[in-house]
A.B. asks: 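Below you will find the structure I want to go over with you.
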Amino acid sequence: MNSIFESLEEELRGAFAACGYDTAGLRVVRSNRPDLCEFQCNYCMQLAKAAHKAPLAIAEEVVEHLTNSRVLAEAGAAAPGFLNFNLHPAFLAERVCRMEKAPDFGFEKVKNPRVMIIDYGGPNVAKPLHVGHLRSAIIGESIKRICRFAGDTVIGDVHLGDWGLQMGLILTELSIRQPSLVYFDADYTGDYPTEPPFTVSDLEEIYPAASARSKEDEDYKKLALAATAELQAGRRGYRALLDHILAVSVADLKKNYERLHVSFDLWLGESDAQVYVPDMVKMLKDEGYAYLSDGAYVVDVSEPEDTKEIPPCIILKSDGSSLYATTDLATLVGRVKDYAPDRVLYVVDKRQEMHFKQVFRTAKKSGIVPKDTELTFLGFGTMNGKDGKPFKTREGGVMRLETLISEINAEMEEKIKSNHEARGEESFDAEEDRKNAQIVALAALKYGDLSNQASKDYIFDMERFMSFEGNTGPYILYTIVRMKSILRKYEEKFGAPDFAQWEMLPAKDPSEKALMVEVSMFSSMMQGAYEELAPHRICAFIYGLSDAFNHFYHSVNILGQEDAKQRQSYLLLLHITMRMLLCCIDLLGFEAPEQM
Ligand code: ARG
């Protein structure tokens with residue numbers, strides 16, 4: 001189905017052409033003066049010069065040809081040459097009715113679906129998830145869903161950080177604490193135990209301890225670096241310990257991501273790319289891309305057009321160990337081999353932009369990825385506390401994700417309880433409330449993040465995010481819950497609705513028309529959210545849609561409407577609005593409760 005803008009542009013092109021004008025650059029936009037009109041076209045200004053006419057004269061001429069339009073109504077010319085108009089109520093009602101019956105509300109999937117890998121999450125093994133990992137998970141999950149909705153084949157890869165110094169630190173600390181473990185016996189050739197010699201809580205204590213000690217103790221740091229290099233060189237016992245660390249951490253990570261409704265198709269890590277490193281490094285050396293500089297192998301990636309200096313990409317350290325860039329390049333080797341993606345998208349903190357620039361350029365110039373494979377870096381901003389500084393716990397430490405989520409859940413539960421009291425309800429199901437609180441809390445958290453443009457820093461203000469009013473997740477859910485309740489009441493009073501048979505009548509009430517206009521925006525909004533990889537566009541849309549619905553709800557009496565056809569038309573409008581909201585929140589990665 002055409003988007004509403006396409007339909008309007010088609011109609012206007014007819015009128016401009018009838019007056020003898022070229023129509024190539026004609027565009028319609030939402031009006032920036034909604035008090036005056038719904039849509040506008042500024043094309044007359046563009047035409048004026050070539051036509052040797054005043055823009056207003058052109059607009060007046062065109063308006064003449066729009067008097068009997070079945071698509072638009074109340075077209076008028078306004079100084080200095082705007083064309084202002086509204087949608088024809090009958091056309092709009094017919095369009096919304098068709099959208100209600102069409103799959104995906106008439107949104108057309110991409111004509112040439114692409115295979116895309118999304119690299120997001122990026123947790124580091126053996127370190128607990130903290131709020132810094134939250135944005136990647138939330139934004140990446142939503143973009144994955146949006147691109148799938150648009151028709152692409154999307155593969156989500158968590159890309160675990162499991163190959164760097166943090167592994168060497170853990171190995172070193174373990175070897176000091178439990179030197180008799182068979183993994184540390186270099187002469188041992190037998191099988192290793194299947195049970196890990198530690199739990200996830202042990203690991204969570206071991207890593208920070210090791211990291212702190214390495215900062216004070218040079219010799220200890222040297223041991224950790226050596227252990228890292230030995231692990232990467234393939235020392236059996238270390239590799240076996242890595243497998244234990246991975247198994248224990250991944251089980252814990254999965255549990256945590258599940259609570260966030262975030263899931264991955266691939267649980268690969270940096271260590272899985274190691275098999276590609278030797279050949280890749282050899283190729284980079286043999287083909288003359290990599291050369292020795294200060295003992296390390298580097299690839300030049302600067303380009304003449306660069307306005308600021310892009311340092312060479314370091315692909316191998318002097319001790320032969322891999323770096324962050326090495327694993328990212330080797331990971332691309334694996335991805336191209338296994339999936340031949342058209343695009344690889346990285347959802348990572350924007351402070352890593354330089355790293356990705358170096359990696360992308362190295363990959364392109366050396367042919368690690370084919371020329372037409374798109375490598376995209378989607379860098380997100382920092383989550384700040386109310387003081388404008390990176391978010392911390394009250395004590396000033398890094399907030400663990402688990403703690404954060406538990407706190408938010410508890411607060412939301414309190415809030416829901418006090419809502420019962422405010423409504424004078426005496427008996428309520430505590431278990432039900434707990435479940436609903438979790439659903440609403442997750443929406444608050446995710447919407448609070450996603451409603452900001454990803455690249456911007458934002459203030460993490462849970463109090464505001466949890467509010468049931470304003471531009472928040474709970475407000476959207478509250479609107480959906482209201483709709484569900486109206487549907488239930490309708491059913492009690494009039495029996496099961498028969499949406500497939502019902503008709504949408506042209507809007508009479510301005511709030512009803514305004515809601516229909518919002519609904520009609522769906523396809524163009526989705527197209528924008530997909531092309532720009534922008535979940536915030538969906539948030540802005542559903543906020544407007546919810547607002548429009550609530551105005552409609554307050555100005556017409558849906559259930560009390562005497563005329564059955566009118567009542568059904570209202571309910572049909574409610575139904576498409578509700579389904580649209582549900583579809584959108586699913587794309588954002590949360591759901592709605594039955595009650596709140
Ligand atoms: N583990 C990294 C970190 O915590 C993020 C990984 C991002 N993805 C990548 N392919 N480098 O900073």
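Counting starts at 1 for both ligands and their atoms, in listed order.
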A.B. asks: So is G161 polar-close to ligand 1, meaning N/O to N/O under 3.5 Å?
C.D. replies: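 Between G161 and ligand 1 (N or O atoms, distance only) the closest approach is not under 3.5 Å.
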A.B. asks: Only heavy atoms of V348, strictly under 4.0 Å: list the atoms of ligand 1 that pass.
C.D. replies: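 In order of numbering, the contacting atoms are 7 (C), 8 (N).
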A.B. asks: Counting N and O atoms only, with roles assigned by atom type, does the side chain of S136 sit under 3.5 Å from a partner on the main chain of G121, one being a donor and the other an acceptor?
C.D. replies: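 Yes, the answer is positive, given that a donor and an acceptor are paired below the 3.5 Å cut-off.
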A.B. asks: Using distance alone, decide if ligand 1 has a nitrogen or oxygen within less than 3.5 Å of any nitrogen or oxygen in H355.
C.D. replies: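 No, no N or O pair falls under 3.5 Å.
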A.B. asks: Show me the side-chain donor-acceptor pairs of residues 470-477 shorter than 3.5 Å, one per line, residues at least two apart or across chains.
C.D. replies:
unit_1, atom_1, unit_2, atom_2, d
N471, OD1, Y447, OH, 2.5
T472, OG1, S467, O, 2.7
T472, OG1, Y475, N, 3.1
Y475, OH, D547, OD1, 2.7
Y475, OH, N550, ND2, 3.0

A.B. asks: With only distance considered, is D119 within less than 3.5 Å of ligand 1 through an N or O on each side?
C.D. replies: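 Yes - when backbone and side-chain N and O of D119 are compared with those of ligand 1, one distance drops under 3.5 Å.
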A.B. asks: Can you tell me the protein heavy atom closest to atom 12 (O) of ligand 1 and the distance?
C.D. replies: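 Closest protein heavy atom to atom 12 (O) of ligand 1: Q352 NE2, 2.9 Å.
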A.B. asks: What protein heavy atom is closest to atom 6 (C) of ligand 1, reported as residue, atom name and distance in Å?
C.D. replies: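 Answer, as residue, atom name and distance: Y324 OH, 3.4 Å.
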A.B. asks: Numbering the atoms of ligand 1 from 1, which are under 4.0 Å from a heavy atom of F356?
C.D. replies: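 Per the distance check, 9 (C), 11 (N).
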A.B. asks: Y183 and ring pair (Phe, Tyr, Trp, His ring centres under 6.0 Å): which single residue from Y238, Y192, Y188, F198 fits?
C.D. replies: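 By the ring pair (Phe, Tyr, Trp, His ring centres under 6.0 Å) criterion, Y183 pairs with just one of Y238, Y192, Y188, F198: Y192.
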A.B. asks: Is ligand 1 under 4.0 Å from a heavy atom in the side chain of N124, in the backbone, in both, or in neither?
C.D. replies: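 Contact part for N124 vs ligand 1: side chain (C-beta onward).
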A.B. asks: With a distance cut-off below 6.0 Å to the six-membered ring centre and an angular limit of 45° from the axis, does K109 pair with F149 as a cation-pi contact?
C.D. replies: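 Yes; both conditions hold, so K109 lies above the ring face of F149.
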A.B. asks: Is K285 positioned over the aromatic face of Y297, cation under 6.0 angstrom from the ring centre and no more than 45 degrees off axis?
C.D. replies: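 Output yes; distance and angle both within limits.
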A.B. asks: Do D152 and R343 sit within salt-bridge range, that is, some charged N less than 4.0 Å from a carboxylate O?
C.D. replies: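 No.
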A.B. asks: Could you walk me through whether F360 and F377 pass the ring pair (Phe, Tyr, Trp, His ring centres under 6.0 Å) test, one step at a time?
C.D. replies: CA-CA 9 Å; F360 291 176; F377 173 67; 7.2 Å; no
A.B. asks: What do you reckon, does Y346 have a nitrogen or oxygen under 3.5 Å from a nitrogen or oxygen of ligand 1?
C.D. replies: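 In fact, backbone or side chain, Y346 has no N or O that close.
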A.B. asks: Just to verify, what does E303 make a side-chain contact (heavy atoms from CB on, under 4.5 Å) with, not counting sequence neighbours?
C.D. replies: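 For E303 the side-chain contact (heavy atoms from CB on, under 4.5 Å) partners, ignoring immediate neighbours, are E305, D306, R361.
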A.B. asks: Below 4.0 Å from ligand 1: does a non-hydrogen atom of Y120 turn up there or not?
C.D. replies: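 No; Y120 lies far enough from ligand 1 that no heavy-atom distance drops under 4.0 Å.
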A.B. asks: Quick check on H133 - does any of its heavy atoms sit under 4.0 Å from an atom of ligand 1?
C.D. replies: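 H133 counts as a contact of ligand 1 under the 4.0 Å cut-off.
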A.B. asks: Side chain, backbone, both or neither: which part of D328 comes within less than 4.0 Å of ligand 1 when only heavy atoms are counted?
C.D. replies: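 Side chain only.
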